[in-house]
Amino acid sequence: MPGFELFSDLERNEVNDVLDNGVLMRYGFDGMRNGHWKAKELEAELEKTFESNHVQLVSSGTAAVSVALASAGVGAGDEVIMPTFTFVASFEAIMMLGAIPVLVDIDDTLTLDPKAVEAAITPKTKAVMVVQMCGSMANMDALKSICDNHNLVFVEDACQAIGGTYKGQPLGSIADLGCFSFDFVKTITCGEGGAVVTNNKDYYINADHYSDHGHDHIGHDRGAETHPFLGYNFRISELHAAVGLAQVRRLPEFIAIQKRNYTILRNALARVPGVTFRRVPKGGEESYAFLNFFLPDAESAQKVMAAFKENGIDACWNYYQNNWHYIRKWDHLKDLKSLFPISNEVKEGLAYLQTKTFEQSDHYISRNISCLIKLSWTEEEVKERAEKMAKAIKSIF
């Protein structure tokens, strides 16, 4: 997903503008900055991109999840339903608030299974967080209906899916709150950064205050601002925002390249016996950041991965063997290995992980191969790669 593959003078000019101006902090120093506000400009650009009323920039995608949940009142002892297939940041961000991550199965979309979500709801459930993994989406209508029926906060982690849409709406703008990451390996990057997206004004105000030590940001004297409630520091800097400002303006360019490269690879693999693809819900369009396909069984997937490695085909993963993205190897979560004491509520809430199995998730993840779509490939390089991938898979069957 890395936008860093295509840095240009656009990014350099925005960064140099900040350095020439001399104000690296996004708040205050009004007299020094001479009207330069990169974070504010980026938030305005993202509001247009996500077709949403409010965007609050933060320091990372992980921070975005914590801030989003906190802004909706999720905290100590609350349960947040999340998928077994995601990045470790998902449960970290929940646990930071003293809340309890409740992991449930994915389906063939590689995202939350609505039936599994429905079955996991308890009186302690406060929110459902869908993670739009690898550039695609869950059945958003079904999940939204569940949340509406049970009066739950619906959170959309679209960190890996910027540029994707569902029934014409940008991913990240559909739920009550959306979360994005702009770290170094996302489709657009700030180096480090993230955003909370919402149409709910109260959630936005909460996110604005909470991410900056509770400052209310009223007036032009930072020292005179009040603190309506406690907050923390999840600020983005002007330098990071400057990079993101140039990158978001290039998002259509990046998505077009991803779509071209993805389509060439998918068309080649579609002709290979035994290969099937993840399901994209009706009305959805991927961001084309990854090509995800299934092999008939786990053994075949491992053999194909070995063949890819032997043939120099990089940037493909079988997440069943991955330490970062799937519940199977999250031993530090299962065993509650923490530098600080974990509350009894969270300990008791996570006890289920000692015995819980996820056969449905295993069924999909063990057979899945996920391939990154690079922006820097030429069309000829993609065609050559497609041929090598198809040949490697055919050699297994």
Side-chain angles (χ1 to χ4, degrees), residues 1-2 56-72 74-75 78-104 106 110-112 127-138 153-162 171-172 175 177-197 207 210-211 232-236 240 244 287 289-290 317 319 322-340 342 346 350 353 361 365 370 372:
M1 302 176 285
Q56 177 64 41
L57 286 173
V58 291
S59 54
S60 69
T62 311
V65 175
S66 288
V67 171
L69 291 169
S71 72
V74 176
D78 292 330
E79 293 179 351
V80 179
I81 294 173
M82 58 165 280
T84 54
F85 178 44
T86 179
F87 181 51
V88 294
S90 296
F91 62 76
E92 292 169 347
I94 293 167
M95 293 175 69
M96 197 194 79
L97 300 174
I100 302 161
V102 176
L103 280 72
V104 304
I106 60 168
L110 297 178
T111 62
L112 276 181
V128 172
M129 183 169 72
V130 63
V131 183
Q132 316 289 33
M133 282 294 285
C134 299
S136 193
M137 71 223 71
V153 179
F154 189 20
V155 179
E156 186 179 357
D157 175 345
C159 289
Q160 287 195 359
I162 189 170
L171 297 183
L177 293 139
C179 305
F180 285 93
S181 170
F182 306 128
D183 70 22
F184 195 52
V185 290
K186 294 300 184 289
T187 299
I188 63 170
T189 182
C190 292
E192 290 287 355
V196 178
V197 178
Y210 185 74
S211 60
Y232 296 90
N233 179 6
F234 296 115
R235 295 190 302 262
I236 195 171
H240 290 93
S287 72
F290 292 84
W317 295 273
Y319 292 113
N322 182 281
N323 290 333
W324 291 3
H325 291 89
Y326 187 54
I327 178 61
R328 179 169 172 261
K329 293 198 174 184
W330 290 344
D331 291 335
H332 62 308
L333 172 63
K334 299 172 189 175
D335 299 334
L336 294 178
K337 295 178 180 177
S338 172
L339 292 178
F340 56 87
I342 293 175
V346 175
L350 288 174
L353 289 176
S361 296
I365 293 297
S370 182
L372 179 70

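Along the sequence shown, residues are numbered consecutively beginning with 1.
- Using a 4.5 Å heavy-atom cutoff, the side chains of Gln56 and Tyr210 are not in contact.
- Residues meeting the side chain to side chain contact (heavy atoms under 4.5 Å, CB included) test with Ser181, sequence neighbours left out: Cys159, Asp183, Lys186.
- Asp335 contributes no side-chain N or O that, together with a main-chain N or O of Lys337, makes up a donor-acceptor pair within less than 3.5 Å.
- Remark: Thr86 engages Ser90 in a side-chain hydrogen bond (donor to acceptor under 3.5 Å, both in side chains) (not counting sequence neighbours).
- Applying the ring-ring contact (aromatic ring centres under 6.0 Å, His included) criterion to Tyr326, with sequence neighbours excluded, gives no partner residue.
- Using cut-offs of 30° and 60° for the angle between ring planes, the Phe85 and Tyr319 rings count as tilted.
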Name each donor-acceptor pair under 3.5 Å that joins a side chain in residues 60-67 to protein atoms two or more places apart or in another chain, with its distance.
residue, atom, partner, partner atom, Å
Ser60, OG, Thr62, N, 3.4
Ser60, OG, Ala63, N, 2.9
Ser66, OG, Ala93, O, 2.9

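- Residues Met133 and Ile106 are not in side-chain contact: their nearest non-hydrogen atoms beyond the backbone lie 4.5 Å or more apart.
- Taking Arg328 as the reference, nothing meets the salt bridge (Lys or Arg N to Asp or Glu O under 4.0 Å) condition, with sequence neighbours excluded.
- Within the 4.5 Å cutoff, no side-chain heavy atoms of Thr111 are placed close to those of Met137.
- Annotation: side chain of Asp157 is not in contact with side chain of Phe87 (no heavy-atom distance under 4.5 Å).
- A search for ring-ring contact (aromatic ring centres under 6.0 Å, His included) contacts involving Phe180 returns Phe50, not counting sequence neighbours.
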